[in-house]
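Down below is the structure, laid out as structure tokens.
Bear in mind that the values here come from a model prediction, so they are computed numbers and not experimental data. Naming: A, B, ... by sequence-line order, numbering from 1 per chain.
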Protein chains: 2
Amino acid sequence: MRDRSDTRTRIQEVALDLFTEHGYEATSLREIAERLGVTKAALYYHFKTKEDIVTSLIEDRLAMIEELLDWAHTQPDTVEMRREFVQRYAEHLHQGGHDKVMRFLERNQTALRDNPKSEQMRDLMLHVLEVLGPAGTSVTFRLKSALAVFALHASTFLLRDGISDEERHAAGLQVALDLIDQGAAERHTRV
Amino acid sequence: MRDRSDTRTRIQEVALDLFTEHGYEATSLREIAERLGVTKAALYYHFKTKEDIVTSLIEDRLAMIEELLDWAHTQPDTVEMRREFVQRYAEHLHQGGHDKVMRFLERNQTALRDNPKSEQMRDLMLHVLEVLGPAGTSVTFRLKSALAVFALHASTFLLRDGISDEERHAAGLQVALDLIDQGAAERHTRV
DNA sequence: GTCTATACTCTGATAGAC
DNA sequence: GTCTATCAGAGTATAGAC
């Protein structure tokens, strides 16, 4: 992956920024090219289509979640496992800009709904939610599990004032773990 | 507002559906017109621009949140007030399809970022978060307050299986109130 | 209040020179 | 690996008939 050209990487970075800031559909290839100081045609040398840029952005992230899910399926279904799962998830999320990718996907869910890789991501995220809040458990339990994941994704931009990214991540993780613990207490109180 | 023509209302309904499902930018006026069985030009009789359709969709919602914020500012800053605030917010949200509007806005944040009414909504939502988790309180407290609001917005589509909308709303409200209560307990544990 | 017809702009994408 | 030139299609929007 690192033997790719520098331009290719720069295209990915600029595209991710613009897609997240202005939206996928609202960002034209002309805009990306302009910010890079090249022409549209140059982009087409590196990526066959606009959709291909998105695909390249998502792939690493998909692999990481798949790996994490594989691990979870070898573990017993306990609170400790779910805590550990959330911790690993958070760790991976803040590596290699994967939180940026998740933010991009969240903000462009609808525009990307026909993108195969994006569908795959939605599918994997449902599996993540299934690990943290299996079907058959109470509604509030499952909702809290989903919120735990969202807390990790959103802590970066939900907390505004002058605090560092590390503090944001720590707060997100703490709140997520709190939600997991609460779930454990009420998990079987109603179905 | 009810003295408006039926066609106008139908345009709003179809537009909201398509904007939410396929995304704002990805939805063309041709698509909306086709689904309604009219021509593009007919749309332009009722709305001056595509952006105007969005504006008309948001207005009611803006008024309701403003009203709620006005109420909050006459109240003392206590846990009871915040619980009451959340309950009223939830009630308003599920009236007149306002949850649909919020979902549309959440899913199209980026595409709508230059829309004045959408900016106004973001601004009001920051005030809502400020009521529930004032600046100066702990980071986790504020994050939980934000998650409480998100729980209300998201309960409708975060819970998939065969449960009714009423059950979804009830679960969302319960989880939101839980988060508010927790915040009260830890509010001053750190700044 | 809704139509047809049309103007104009921008989009993603391709072909072929350097 | 990047360029110029160009394409067809779709976008929003307008003018004017009915």
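- A 6.0 Å sphere centred on NE2 of H127(A) holds no more than 12 heavy atoms belonging to other residues, nucleotides or ligands.
- When the side chains of ILVMFWY residues are joined at heavy-atom separations under 4.5 Å, either directly or via intervening members, M121(A) and Y89(A) end up in a single hydrophobic cluster.
- Going from atom NE2 of H46(A) over to atom C1' of dG12(C) covers 17 Å, rounded to whole Å.
- Side chain to side chain, H22(A) and R113(B) meet the donor-acceptor criterion of an N or O pair below 3.5 Å.
- For DNA chain D, the residues of residues 23-40 of chain A within the heavy-atom distance limit of 4.0 Å (strictly under) are V38(A), T39(A), sorted by number.
- Placement of V175(B) and I180(B) in two distinct hydrophobic clusters is found when ILVMFWY residues are connected by side-chain heavy-atom separations under 4.5 Å, directly or transitively.
- Using a 30° and 60° split on the angle between ring planes, Y24(B) and F19(B) fall in the perpendicular class, above 60°.
- Under a hydrophobic-cluster definition in which Ile, Leu, Val, Met, Phe, Trp and Tyr are linked whenever side-chain heavy atoms come within less than 4.5 Å, directly or via other members, L152(A) and M64(A) are assigned to different clusters.
- In this structure, Y44(A) atom OH and dA13(C) atom P are separated by 3 Å, rounded to whole Å.
- For E13(A), there are no salt bridge (Lys or Arg N to Asp or Glu O under 4.0 Å) partners two or more places apart in sequence or in a different chain.
- Both tests hold for R107(B) against F157(B): distance to the six-membered ring centre under 6.0 Å, angle to the ring axis within 45°.
- Chain A approaches DNA chain D over the interval dG1(D) to dT4(D), counting the first and last nucleotide 5' to 3' with an atom under 4.0 Å from its heavy atoms.
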